[in-house]
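A, B, ... follow the sequence lines: proteins, then strands. Residue 1 opens every chain.
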There are 2 protein chains.
Amino acid sequence: MTDLGKRRWVTSLEVAQLAGVSRSAVSRCFTPGASIAEETRWRVMEAAEQLGYRPNAIARGLNTQRSGLIGIVVADVGNPFYARLVEALAIEIQGRGKAPLVFAAKEAGAADALLPELLSFQVDGVLVTSATLSLRVTRLYDAARTPIVLLDRMAEDDEDVAGDISADNVAGAAMIADLFAETGRRRPAFIAGLENTSTSRDRATGFIAGLSRHGLDLVGRDVGQYDYAGGQAAARRLLGASERPDAIFCANDEMALAVLDVARSEFGLSVPQDLSVAGFDNAAPGALAAYSLTTVDQDIERMAHEAVGMLERWLQTGRQSSPLRLPCRLVRRATTL
Amino acid sequence: MTDLGKRRWVTSLEVAQLAGVSRSAVSRCFTPGASIAEETRWRVMEAAEQLGYRPNAIARGLNTQRSGLIGIVVADVGNPFYARLVEALAIEIQGRGKAPLVFAAKEAGAADALLPELLSFQVDGVLVTSATLSLRVTRLYDAARTPIVLLDRMAEDDEDVAGDISADNVAGAAMIADLFAETGRRRPAFIAGLENTSTSRDRATGFIAGLSRHGLDLVGRDVGQYDYAGGQAAARRLLGASERPDAIFCANDEMALAVLDVARSEFGLSVPQDLSVAGFDNAAPGALAAYSLTTVDQDIERMAHEAVGMLERWLQTGRQSSPLRLPCRLVRRATTL
DNA sequence: GCTAACGTTGCACACGTATGCAAGAGGTGG
DNA sequence: CCACCTCTTGCATACGTGTGCAACGTTAGC
């Protein structure tokens, strides 16, 4: 039976009365480092336990000007890499006694509209986990002095953020270049994600620089919007060109899977004999037996850990952290020699 | 330069002063249905715009006893189905002017510990999106009268929830049974997820009932823990048995992918000639060309919409909704005849 | 012209917690 | 025994908003 009695929370006053102390004493019991006698603390905790009391985080936030909420902005949870990243961030945040407020944008542009909404919930800070979010986003930092940490996207010079963090995309891409060169590939090509994202640019830069150290040059270059359909289209163009590449590096795994499908079923190529393929992110589907994609792994847990750390550092000291580039790891599977 | 000035929000008082009215008037401007003259509203909005004022959701929540926060509990974001579900829920929630508070549990058991944490943030309601969460969870509903809606998991008789919603797993599984039977399969087998989840039980029930309508019986049955490794092990046992099945239905897609890999590479079977395989959920990897898995699709957006609707209905009327079973859709691809 | 009715506004209080300040308790050293 | 210091506690106030109540001004109706 669902009786609609008014919702009643246990307040610190009730605990205080049961324990025979004042509300202040109760409050101090739940405030680390506050001055409270061991014996009273015990009595209060007893009463709190008995009544099922938990401090009201909303009321506390109003008072302390710290809501304990941290916003996570994500543009594309469909991408398994971002799904894992959001999960890791959530776990990291709740491990520190705070709570993650997740805002998802259907398309990249919609994220700008989300941020004022986030601010009205008084988030202590914001983690932006998208390579594709527009630049204006970070200026809100000025409005309410809410710190922002960028993940997987470098801060521009005029952006004022608490920190930014990403994989060392340049070095990661260079590993693929080395692998291609050392296994005898002579006609490498690259499929970018979105041209205006730092992630894609860095992967291109690292790949090209790596190749040139081996005396190699790109024979083809295309753009695949980071998704399967885009990767398909790019693969068709590259593989149909007069000078067909013998190795393709894609800015993420999803596009690489599309390349594999197109190469096998539409061009009858066998991988890796006729064509080497590599991706980036070490997303789950790439590990499946039918693909077994060579890729570059990012340490997602570490990235989440460092990102939240940057935010807390800002909240405590007001100092912004220097950009962090995490090392990557080559995952060599069956789509390369 | 990051100067560490005290954080300053624009309050309704400042807006009131600029507009030459009282704080109450400002508050009423942002409260739908409140009594306010059109001309004052205009003046207040002008001032608010100018100062960049947004009502403080924390303070409002303290007053109205409605935080505007809705908790989402999820046990396994690694599963792409749940990732998509969480995204859909988040979008649905923020579309109604509320905010989703996401709590992720690494393993299923850890979720119980999360819920008190959630409660301290005064969530208005909780959406539990996991088949594997333990039963005790839902009893917290009584503690603070916080409504819970269960997704993808039926409520037991003694559980007091605002509503529960899931796909019509029985009917969905029956579709697969029909498909197997109508394409001439005679030796069907089933791989369960976790035996004690309603989702897995219903899919088993529907499958078996469907088969019996065609005069067929299971020749094998195993458990795969809903994950790839579990699916692999189950597939090896089933395919290595004396009476080898000619069709396997898995309680989710991830296990079905494992079955495909094992059948092809370890037993040299060709699909679908030697063996039909079907999954459940229509997860993204199953659609990849190398698998092209036949599966059952759930309408995730609709599920999210209805779930949040149930929660709001409870919040407004205090009435619990009757269980909802959403229709499924058969997605026929290349792993069945 | 007077009254009733209505729409609008401000005052004051409530929501549940944190914390500066002063007062009290208890102990120690001279 | 007194003065002083430390530790603990309660009082009072602040955080920013929503809302019942009463007072106000305006208009319509007779």
Side-chain angles (χ1 to χ4, degrees), chain A residues 6-45 47-48 51-69 97 119-124 144, chain B residues 6-45 47-48 51-69 97 119-124 144-146:
Chain A
K6 232 23 212 166
R7 208 159 166 208
R8 280 289 301 154
W9 302 96
V10 183
T11 78
S12 64
L13 178 59
E14 302 171 51
V15 177
Q17 288 170 340
L18 180 58
V21 294
S22 73
R23 291 196 317 262
S24 315
V26 178
S27 171
R28 282 187 250 263
C29 280
F30 291 91
T31 308
S35 167
I36 186 85
E38 202 50 48
E39 194 255 334
T40 6
R41 147 170 271 133
W42 191 87
R43 219 168 57 230
V44 169
M45 286 309 194
L51 296 175
Y53 169 78
R54 299 221 34 153
N56 182 328
I58 296 287
R60 168 184 299 173
L62 183 57
N63 194 301
T64 59
Q65 314 279 52
R66 285 272 152 93
S67 64
L69 300 174
L119 269 188
S120 82
F121 279 94
Q122 317 296 109
V123 292
D124 293 340
Chain B
K6 232 24 215 163
R7 210 159 164 207
R8 280 288 301 153
W9 302 96
V10 182
T11 78
S12 63
L13 178 59
E14 302 172 51
V15 177
Q17 288 170 339
L18 180 57
V21 295
S22 74
R23 290 199 316 266
S24 315
V26 177
S27 170
R28 282 187 249 263
C29 280
F30 291 90
T31 307
S35 167
I36 186 85
E38 201 50 47
E39 193 253 337
T40 16
R41 147 170 270 134
W42 191 86
R43 219 167 58 229
V44 169
M45 286 310 195
L51 296 175
Y53 169 78
R54 298 218 36 149
N56 183 328
I58 296 287
R60 168 185 302 175
L62 183 57
N63 194 301
T64 58
Q65 312 279 53
R66 285 273 153 93
S67 64
L69 300 174
L119 269 188
S120 81
F121 279 94
Q122 316 296 109
V123 291
D124 293 341
R145 307 205 52 67
T146 303

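The distance between atom CD of B:Gln122 and atom C1' of C:dT17, rounded to the nearest whole Å, is 11 Å. Protein atom CD1 of A:Ile36 is 11 Å distant from nucleotide atom C1' of D:dG10, rounded to whole Å. Following rounding to the nearest Å, B:Leu13 (CG) and D:dC15 (P) show an atom-to-atom distance of 10 Å. Atom P of nucleotide D:dT13 and atom CG of A:Leu62 are separated by 18 Å, given to the nearest angstrom. Atom P of nucleotide C:dT9 and atom CD of B:Glu38 are separated by 11 Å, given to the nearest angstrom. Distance, A:Arg28 CZ to C:dG20 C1': 10 Å, rounded to whole Å. When the P atom of C:dG10 is taken as reference, atom CD of B:Gln17 falls 13 Å away, rounded to whole Å. B:Glu39 places its CD atom 13 Å from the P atom of D:dT26, with the value rounded to the nearest Å.
Out of C:dT19, C:dG10, D:dG16, the shortest distance to the side chain of B:Val21 is found at C:dG10. Picking from D:dT8, C:dG16, D:dT17 the nucleotide with the shortest atom distance to the side chain of A:Thr40 gives D:dT8. Proximity note for A:Asn63 (side chain, C-beta onward) versus D:dG16, D:dA14, D:dG18: the nearest is D:dA14. Of all nucleotides listed (D:dG16, C:dA18, C:dG16), C:dA18 comes nearest to the side chain of A:Thr64. Residue A:Ser24 has its side chain nearest to D:dC11 when only C:dG16, D:dT17, D:dC11 are considered. Picking from C:dT19, C:dT9, D:dG10 the nucleotide with the shortest atom distance to the side chain of A:Ser22 gives D:dG10.
Note on A:Ser12: a side-chain N or O is less than 4.0 Å away from OP1 or OP2 of C:dT17.
Within the 4.5 Å cutoff, the side chain of A:Phe30 has heavy atoms near those of the A:Met45 side chain. A heavy-atom distance below 4.5 Å is found between the side chains of B:Arg43 and B:Thr40. Looking only at side-chain heavy atoms (C-beta outward), A:Leu51 and A:Glu14 come within less than 4.5 Å of each other. Within the 4.5 Å cutoff, no side-chain heavy atoms of B:Asn56 are placed close to those of B:Thr11. Annotation: side chain of B:Tyr53 is not in contact with side chain of B:Val44 (no heavy-atom distance under 4.5 Å).
When each of B:Arg23 and B:Ser35 is assigned the nucleotide of DNA chain C with its nearest heavy atom, B:Ser35 is the one assigned upstream, toward the 5' end. Summary of the strand contacts: B:Val26 and A:Ala59 both lie near DNA chain D, and taking for each the nucleotide with the nearest heavy atom, the more 5' one is attributed to A:Ala59.
Counting non-hydrogen atoms under 4.0 angstrom, A:Ser27 reaches a base of the nucleic acid. A:Ile58 comes within contact range of no nucleotide atom at all, as no heavy-atom separation falls under 4.0 Å.
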